[in-house]
Amino acid sequence: MSDQNIELLIASPPDRDFLTCELSVGDEVMAEVRIEPIGLAIEIYPKSGGQAWDIPYDGLMDALVKAKTILSEVDTSVKY
């Protein structure tokens, strides 16, 4: 299990209509939380070598809550 912190970065990718919040561990993006017309969505990526992520539950949940909070501050249509 990884003990690295999950870092968050707000992005505006050209292929998305709305802002995203990237969740990264080290130099790898593990997931992207994005604003969609119907609410928030999350896309989870495998590690660069194809392995699954093995991270603490509480760390991931904290990062997801923070991502939702950040995105709701920049777009008031995001609901809690």
Report yes or no: do Val65 and Ile35 belong to one cluster of Ile/Leu/Val/Met/Phe/Trp/Tyr joined by side chain heavy-atom distances under 4.5 Å? no

Give the C-alpha distance, both sets of side-chain angles, the deciding distance and a yes or no for side-chain contact (heavy atoms from CB on, under 4.5 Å) between Leu23 and Leu64. CA-CA 8 Å; Leu23 283 65; Leu64 291 172; 4.0 Å; yes

Shared ILVMFWY cluster between Leu9 and Leu40, side chains joined below 4.5 angstrom? no

Charged N to carboxylate O under 4.0 angstrom, Lys47 versus Glu28? no

Given side-chain contact (heavy atoms from CB on, under 4.5 Å), test Val33 with Thr20 step by step and report yes or no. CA-CA 6 Å; Val33 178; Thr20 67; over 6 Å; no

One should read off an interatomic distance between Arg34 CZ and Ser12 OG, to the nearest 0.5 angstrom, of 14.0 Å

Trp53 side chain to Tyr45 backbone, donor-acceptor under 3.5 Å: yes

Is there a chain of hydrophobic side chains (I, L, V, M, F, W, Y, each step under 4.5 Å between heavy atoms) that links Ile70 to Ile42? yes

For the residue pair Ile6 and Gly59, what are the closest heavy atoms and their distance? CD1-O, 3.7 Å

Mind checking whether Phe18 and Ile10 sit in one hydrophobic cluster, side chains of I, L, V, M, F, W, Y counted as touching below 4.5 Å? yes

Can you tell me how far apart CD (Glu7) and NZ (Lys66) are? Round to the nearest 0.5 Å. 11.0 Å

Taking the side chain as every heavy atom from C-beta outward, state whether Glu22 and Leu8 have any pair of such atoms under 4.5 Å apart. no

